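See below for the structure under consideration.
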Amino acid sequence: MSDRVLRGSRLGSVSYESDRHTEFAPRALTAYDCASGHETTVPFAAEADIPPTWECRVCGAEALRRDAEQPEAKATKPARTHWDMLLERRTIAELEEVLAERLAALHEQQGAVKAQLKAQQAAERSKARRKSA
């Protein structure tokens, strides 16, 4: 019996309310032109603040409103690099000193590895001589 109640109805996809007796908010069409020559028209509410630029629907570039002037570019701070942040904490002399210390440590480690490698090669040669003798 419950099957017959919903027969012929698509749940959730159709509204049975009509648009009669409803008033839409007043709208204004605003035209934007991009540098490539494309025109984009966007509807806005009549009392809305209309932005001077909009994204072009064709190419994605920035389009300027027809009756507006190019807005002033916002002042942005330059990106801080790792080097800039490093110079905030240390001077060039301190950095050169740290570099010299690290290079000395690396050379020392490299010397120890080379000495160990030479010792292993010498041990392998002496072992090979014993076997051949």
Side-chain angles (χ1 to χ4, degrees):
M1 186 130 174
S2 64
D3 295 341
R4 294 183 185 167
V5 174
L6 297 177
R7 185 178 293 168
S9 173
R10 294 179 291 179
L11 292 176
S13 63
V14 176
S15 172
Y16 294 111
E17 255 183 71
S18 67
D19 289 336
R20 288 182 294 167
H21 311 298
T22 57
E23 290 185 33
F24 295 109
R27 298 176 189 199
L29 290 176
T30 305
Y32 290 91
D33 296 315
C34 77
S36 301
H38 304 124
E39 178 185 333
T40 302
T41 306
V42 183
F44 287 100
E47 65 271 355
D49 291 331
I50 299 173
T53 59
W54 197 263
E55 183 178 326
C56 177
R57 290 184 180 164
V58 179
C59 64
E62 188 175 87
L64 182 66
R65 195 171 76 205
R66 271 199 191 140
D67 59 349
E69 295 179 14
Q70 185 71 29
E72 293 182 19
K74 294 180 182 177
T76 58
K77 291 193 281 185
R80 281 178 53 198
T81 63
H82 178 72
W83 180 248
D84 294 333
M85 290 184 269
L86 191 61
L87 289 177
E88 289 175 4
R89 293 181 302 216
R90 298 180 187 243
T91 64
I92 297 290
E94 290 173 333
L95 291 173
E96 288 176 350
E97 184 180 327
V98 170
L99 177 64
E101 290 174 6
R102 291 302 301 148
L103 285 174
L106 286 172
H107 288 301
E108 182 180 316
Q109 182 182 8
Q110 188 177 19
V113 169
K114 282 184 179 179
Q116 185 181 9
L117 185 61
K118 282 184 181 180
Q120 285 178 352
Q121 290 173 346
E124 288 174 3
R125 278 191 236 129
S126 66
K127 193 176 182 182
R129 287 183 193 154
R130 286 188 212 143
K131 283 187 178 180
S132 63

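All of these numbers come straight from a predicted model, not from anything done at the bench.
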Drop me the distance from [X]'s [atom1] to [Y]'s [atom2], to the nearest 0.5 angstrom.
X    : Y    : atom1 : atom2 : answer
E97  : T91  : CD    : OG1   : 8.5 Å
R57  : T40  : CZ    : OG1   : 6.5 Å
L106 : E101 : CG    : CD    : 12.0 Å

Under the side chain to side chain contact (heavy atoms under 4.5 Å, CB included) test, residues paired with Q110 that sit two or more places apart: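 Q110 satisfies side chain to side chain contact (heavy atoms under 4.5 Å, CB included) with H107, K114 only.
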Quick check: do [X] and [Y] have side-chain heavy atoms less than 4.5 Å from each other?
X    : Y    : result
Q120 : L117 : yes
C59  : C34  : yes
T81  : L86  : no
D67  : T30  : no

Is [X] atom [atom1] crowded by more than 12 heavy atoms from other residues, nucleotides or ligands, each under 6.0 Å away?
X   : atom1 : value
R90 : CZ    : no
E69 : CD    : no
E88 : CD    : yes

Which heavy-atom pair separates [X] from [Y] by the least distance, and what is that distance?
X   : Y   : value
D33 : R66 : OD2-NE, 2.8 Å
P52 : L64 : O-CD1, 3.5 Å
P51 : F44 : CD-CZ, 3.8 Å
D84 : A79 : OD2-O, 4.1 Å

Partners passing side-chain hydrogen bond (donor to acceptor under 3.5 Å, both in side chains) against Q116 (at least two apart in sequence or in another chain):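 Q116 satisfies side-chain hydrogen bond (donor to acceptor under 3.5 Å, both in side chains) with no residue once adjacent residues are dropped.
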Lys/Arg-Asp/Glu bridge criterion (N-O < 4.0 Å) met for E94, R89: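 No, E94 and R89 are not salt-bridged.
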Expected output: side-chain R65 to main-chain I50 donor-acceptor under 3.5 Å: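 Yes; judged by distance alone, with no hydrogens or angles, the pair exists.
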